[in-house]
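To start, the structure itself, in structure tokens.
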Amino acid sequence: MSHDQASYLELLARGAAAEVYDRPVLLARASGAGPETLAGLEHAKQLALRVRAELEGRRRREAELSALFETAHDLSGLRDLDAVLRAIVQRARSLLGTEVAYLSLNDPVAGDTYMRVTEGSVSARFQQLRLGMGEGLGGLVAQTARPYVTESYFDDERFQHTRAIDSGVRDEGLVAILGVPLSLGSQVIGVLFAADRRARVFEREQVALLGSLAAHAAVAIDTANLLAETRTALAELERANEIIRDHSAVIERASDVHDRLTELVLHGGGVHDVAGALSEILDGTVEFVDPAAPSLAALQLDGTDGHAIRDDDDWVAAVSAGGELLGALVLHGHPSLDPVDRRTLERAAMVTSLLLLARRSAGEAEQRVRGELLDDLLDSPGRDARLLRERAARLHADLDAPHVVLAARVDAHPTGDSAERATADRQRLASAAAHLAATRQGLAAAREGGAVLLLPIGPADSAADIARQTARQLGGTLREPVTVGASSTVQAPVTDRGAIATAYAEARRCVEALRLLHRSGEGAAAADLGFLGLLLADTRDIEGFVHRTLGPVADYDERRGTDLVRTLDAYFASGMSPARTKDALHVHVNTVAQRLERIGRLLGEDWQSPARALELQLALRLHAISAAVSR
């Protein structure tokens, strides 16, 4: 690595801005560097920028998760509602990178909405706005209880514009606005906004993140209301000391529960750890249920916003984020549940949604990294082997060990919605392949309408066995037939340059052969396809084909000193006529019958079927040629 190329590592180390990365190239060009040097610097710059983008993405995701956990911690020690709401609004502005963030609450007494907290606002009129119910973008969010976003506020006619609102927005200079509801049950109590003074597009992840912060804000308001109600009850029931003590114990228990769940998350606990802790807390059995479970489909949890509902003797709290149902926590055998325990179940569902979002983000990042590495092995065989080893090691993959390349396809559906369904199936196949590769310490990527996998192969394994196993696993995950073709073994993918691309082409040919042979949904390697495998495989393993086809008969001859191979050859040469065969061999017809019977026991009852007979005759010819050449 040259000094100029090493300078990119220094830029990465100090977190330099993206525009600074052009400087080494410009300096080299100014000093008269040659085209090869400039090309090397340009390549190093692109790699450095990709690393920088990946690091920035990880820092952003870490900041988002840290902010959500900090918010959960703020709620566990809630003392000042305004301080918590200000922290939530500040984090919303920081994480979404907007110039302004603000939170409005409904005033049921006055019948309007008012600004509760603003961050980044410079207009006094905007900060003091009071809006009529149903007016402006916030009114649309409150009416529908769903997030709304506008890239250009004054050009958007989906909501009711009023002079007061438009004047305040114009004074503040806002253009792009995103609003998400603050909901308690089915009631919208306010709206959390993020806004910019320029046109911009808010991504789906940003909408989900703001929705999670809004859920925290609603919990903070709800908790504050509960505390206020508690103080009122304590003041009114001074003479009921026992009731006061019980109520205080309930509040303390709720705080302890929230602290325990928060600590569980911060120490890396998983979804089932949350369910286990909740089982102890609620003195029952709590399980996490997958969103595809039939029991959830009948409950219609989409509109419950994470609040627990009763299902016979069970209680169910939806685990969701950004309107997507991720599953549910089910408390079994508790038909009667007090409000505090019910709220505990609901907050545990919220914690579970944060865990699942974090795991999903990490999984998607790893899936992209595995796919990029496999793409580089397929498309750029000349890459530095040392760098490839380092990237593979971070994914717990050993590219110096033998591997097999697999091509996987889902057949198209001959229905009216086949294009849409085929696209969805390809996406599900890519996701399932990535998960399978991660569990097998391999690599996977979406490619050419299907998926390609690079999996390690052990000394006792065969490419055909791995192909069949992969077809079963992917088909079971997708609940659709998945056809998988396998290549011959690649001994060391990192050093055998070009071998991965060649093996992938062989695996694809196997897939196409399986489909032409009406064997869709199966897994196979070239060795499984008989003489057709000789045409498909790049190794042209003639000796292996002969042994697989004719081996039992030849081995029997060698052990017993019999003449079954010559008998079989004569039988086919005589048009499969025992009478003509005995003339060719100069033996009795009973001897021919006995030999054919022995051959049938060695090769199987279907050895005279057209397909098997064709393969046997080809194997006999190749065996004869091989014997002649060896002499």
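We count residues from 1, following the sequence as given.
- Judged by distance alone, with hydrogens and angles left aside, the side-chain atoms of T150 form a donor-acceptor pair with the main-chain N or O of S152 at under 3.5 Å.
- A donor-acceptor pair is defined here as one N or O able to donate and one able to accept, closer than 3.5 Å; no such pair exists between the side chain of E480 and the backbone of V410.
- In this structure, L377 and L443 have side chains that are in contact, with non-hydrogen atoms separated by less than 4.5 Å.
- Between the side chain of Q206 and the backbone N or O of E203 there is at least one donor-acceptor pair closer than 3.5 Å.
- With values rounded to the nearest 0.5 angstrom, T162 atom OG1 is found 4.5 Å from E135 atom CD.
- Looking only at side-chain heavy atoms (C-beta outward), R93 and V100 stay at 4.5 Å or farther from each other.
- Using a 4.5 Å heavy-atom threshold, the side chains of E119 and L103 count as separate.
- Judged by distance alone, with hydrogens and angles left aside, the side-chain atoms of D196 form no donor-acceptor pair with the main-chain N or O of R198 at under 3.5 Å.
- Between the E172 side chain and the V122 main chain, a donor and an acceptor come within less than 3.5 Å of each other.
- Residue pairs meeting the ring pair (Phe, Tyr, Trp, His ring centres under 6.0 Å) criterion with at least one partner in residues 105-136, sequence neighbours excluded, are Y102-F126.
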Please table the atom pairs, donor to acceptor, closer than 3.5 Å between any side-chain atom in residues 138-148 and protein atoms at least two apart or in another chain.
| unit_1 | atom_1 | unit_2 | atom_2 | d |
| --- | --- | --- | --- | --- |
| T144 | OG1 | L140 | O | 2.9 |
| T144 | OG1 | R146 | N | 3.4 |

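- Here the closest heavy-atom approach between residue L182 and residue A214 is recorded as CG-O, 3.9 Å.
- In this structure, T98 OG1 and L178 CG are separated by 9.0 Å, a value rounded to the nearest 0.5 Å.
- The two atoms that bring A408 and L474 nearest to each other are CB-CD1, 4.0 Å, heavy atoms only.
- In this structure, the salt bridge (Lys or Arg N to Asp or Glu O under 4.0 Å) partners of E390, at least two apart in sequence or on a different chain, are R386.
- Summarising the geometry, atom CG belonging to L184 is positioned 5.0 Å from atom CG belonging to D222; distances are rounded to the nearest 0.5 Å.
- Distance alone, capped at 3.5 Å, places no donor-acceptor pair between the E151 side chain and the A199 backbone.
- With contacts defined as side-chain heavy-atom distances shorter than 4.5 Å, the pair R343/T223 does not qualify.
- In this view, R163 satisfies the salt bridge (Lys or Arg N to Asp or Glu O under 4.0 Å) rule with no residue, not counting sequence neighbours.
- Remark: R130 engages D107, D112 in a salt bridge (Lys or Arg N to Asp or Glu O under 4.0 Å) (not counting sequence neighbours).
- For D166, the side-chain contact (heavy atoms from CB on, under 4.5 Å) partners at least two apart in sequence or on another chain are Y153, F154, H161, R170.
- For S431 (side chain) and R428 (main-chain N/O), no donor-acceptor pair under 3.5 Å exists by modelled atom type.
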